[in-house]
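First comes the structure, then the notes that go with it.
Residue numbers begin at 1 in each chain, while the letters A, B, ... track the order of the sequences.
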Protein chains: 2
Amino acid sequence: MALRSYRQHCSLARALDLVGERWTMLLMRDLSCGSQRYGELLAGLPGIGTNLLAARLKTLVAEGLVEKRAAGDYALTAAGRELEPALVALARFGAARLGEPREGELWRALWTPLAMKAAFHPERSADVDDEYEFRIDDEVFWVRVRNGAVTTGGGQAKLPDFVLTTGGQALLELANGALTPGDLVEREDVEFAGALPALERCARLFAR
Amino acid sequence: MALRSYRQHCSLARALDLVGERWTMLLMRDLSCGSQRYGELLAGLPGIGTNLLAARLKTLVAEGLVEKRAAGDYALTAAGRELEPALVALARFGAARLGEPREGELWRALWTPLAMKAAFHPERSADVDDEYEFRIDDEVFWVRVRNGAVTTGGGQAKLPDFVLTTGGQALLELANGALTPGDLVEREDVEFAGALPALERCARLFAR
DNA sequence: CCGGATCCGTAACGATACTG
DNA sequence: CAGTATCGTTACGGATCCGG
């Protein structure tokens with residue numbers, strides 16, 4: 001189980017030695033949104049195979065990036081959370097090349113916080129101090145924009161400027177500009193509570 | 001040659017579909033320092049194997065991230081250069097876990113610009129407007145710090161605050177703090193021309 | 001000689017079956 | 001539910017070969 005190394009004394013090569021293998025960064029992505037159980041991780045990564053998931057988790061725990069908690073679930077350690085800027089930067093690169101959903105592609109509400117961090121326009125966020133709550137496909141999370149930075153978390157927002165309850169499809173259409181904020185809140189399958197201008201700010205801050 | 005995909009409609013997954021395979025990011029790293037020929041790339045990535053290098057280059061060219069130029073060398077396209085923030089972020093993660101050189105590990109002066117961007121402390125760079133020239137193992141490149149950001153390039157600096165000619169070993173010792181700027185310039189195998197305070201600023205801006 | 005292409009043994013992956 | 005074991009397939013790594 002000695003992990004294969006590039007054998008280069010280089011920061012990038014070291015990072016890839018640690019998290020560069022197949023599935024590893026997606027695993028870190030899913031854990032970056034909160035702890036998950038083995039079964040949840042497996043269900044969220046179709047195609048990984050149970051042995052490979054177990055091996056990846058074992059390696060990540062040995063490296064100190066992930067811990068198995070008393071409750072039996074897996075969570076990022078403080079060291080593991082240090083990978084987040086890299087995940088965001090990669091996602092920013094990928095976002096420009098994402099395009100439309102392809103046949104058979106999976107989409108999960110869980111990935112939205114990372115997608116928003118990647119799509120964020122800091123230069124548009126001067127003087128913005130907002131907090132949003134999203135409820136998408138039974139996932140509830142909050143997004144806060146303050147001091148030109150985005151923070152996110154699972155669960156309800158404390159003092160949200162709006163609460164948006166919708167399916168993933170409508171959210172994707174808002175993100176790619178096919179749907180305006182005004183049109184979104186009129187849809188039958190969408191519930192919106194709060195200030196429409198805040199939703200318009202949000203759309204502008206995270207527009208692709 | 002249909003490239004294997006994670007089949008997830010996620011920015012991160014898309015990025016990894018494009019550049020997540022083994023060797024690809026290291027290839028992009030080496031090309032980010034300037035164009036290189038097939039043979040140079042091969043020599044700089046021991047272990048890759050000629051077939052794999054050819055396959056990776058072909059894929060990257062097809063994706064529009066790399067181009068083969070009339071001179072016969074390979075270079076990043078504008079799209080390929082957009083990956084750099086992700087390489088820097090990953091390198092920043094890896095730098096904290098790099099440690100001392102291990103037995104058999106390769107080191108190349110070519111990687112220094114990326115390492116410096118990863119090690120950069122923007123919060124220490126207020127009011128700094130410096131330009132440095134390095135000549136390491138026959139590699140010549142410049143580093144500029146201005147407006148809290150780092151830019152680098154191959155070749156000589158225009159108006160350098162110093163020119164430092166040294167081997168990689170001494171530079172590594174400076175980077176990890178084992179050698180002070182004052183001690184460095186006194187070494188037999190080191191040539192230093194310019195302002196010592198500038199070198200001290202440099203060491204502080206890029207200290208690990 | 002440089003820039004690959006071909007071939008082949010090994011290691012990693014992916015799917016399924018099995019176990020505590 | 002949380003993995004381990006097994007096995008066929010794919011990717012990788014090293015060597016050799018080929019065309020300009």
Between [X] and [N], does any side-chain N or O lie under 4.0 Å from OP1 or OP2?
X     : N      : value
A/R56 : C/dC13 : yes
A/K58 : D/dA2  : no
B/W23 : D/dG13 : yes
A/Y6  : D/dC12 : no

Pair of N/O donor and acceptor under 3.5 Å linking C/dG4 base with B/N51 side chain: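 No.
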
Close side-chain approach of B/L106 and A/R7, heavy atoms under 4.5 Å: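 Not in contact.
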
A/V190 vs A/T165 side-chain heavy atoms within contact, under 4.5 Å: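 The answer is no; the side chains never approach within 4.5 Å.
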
Salt-bridge criterion met for B/R135 and B/E133 (N-O under 4.0 Å):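 Result for this pair is yes, salt bridge flagged.
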
Check ion pair A/E173-A/R187 (N to O, under 4.0 angstrom):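 Yes.
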
B/R204 charged N/C atom sitting above B/F206 aromatic ring, 6.0 Å / 45°: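 No, B/R204 does not lie over the aromatic ring of B/F206.
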
Separation of atom [atom1] in [X] from atom [atom2] in [N], rounded to whole Å:
X     : N      : atom1 : atom2 : result
B/D17 : D/dA11 : CG    : C1'   : 16 Å
B/E21 : C/dA11 : CD    : C1'   : 16 Å
B/L52 : D/dT10 : CG    : P     : 17 Å
A/L53 : C/dC13 : CG    : C1'   : 13 Å

Nearest to side-chain heavy atoms of B/R22, which nucleotide of D/dT6, C/dA5, D/dC12: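 Nearest to the side-chain atoms of B/R22, counting from C-beta on, is D/dC12.
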
Proximal nucleotide (of D/dG13, D/dT4, C/dT6) relative to the A/T50 side chain: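 Ranking D/dG13, D/dT4, C/dT6 by closest atom to the A/T50 side chain puts D/dT4 first.
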
Side chain to side chain donor-acceptor pair (under 3.5 Å) against A/E21, all qualifying residues, sequence neighbours excluded: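 Side chain to side chain donor-acceptor pair (under 3.5 Å) check on A/E21 returns nothing, list empty.
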
Is there a donor in the side chain of [X] and an acceptor in the side chain of [Y], or the other way round, less than 3.5 Å apart?
X      : Y     : result
B/R102 : A/Q8  : no
B/R81  : B/S32 : no
A/R69  : A/S35 : yes

Contact residues, residues 33-49 of chain A to DNA chain C [heavy atom, < 4.0 Å]: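 Going residue by residue through residues 33-49 of chain A, the ones with a heavy atom under 4.0 Å of DNA chain C turn out to be A/G47.
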
Strand-adjacent residues in residues 66-73 of chain A, judged by heavy atoms under 4.0 Å from DNA chain D: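 Those residues whose heavy atoms fall under 4.0 Å from DNA chain D, taken from residues 66-73 of chain A in numerical order, are A/K68.
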
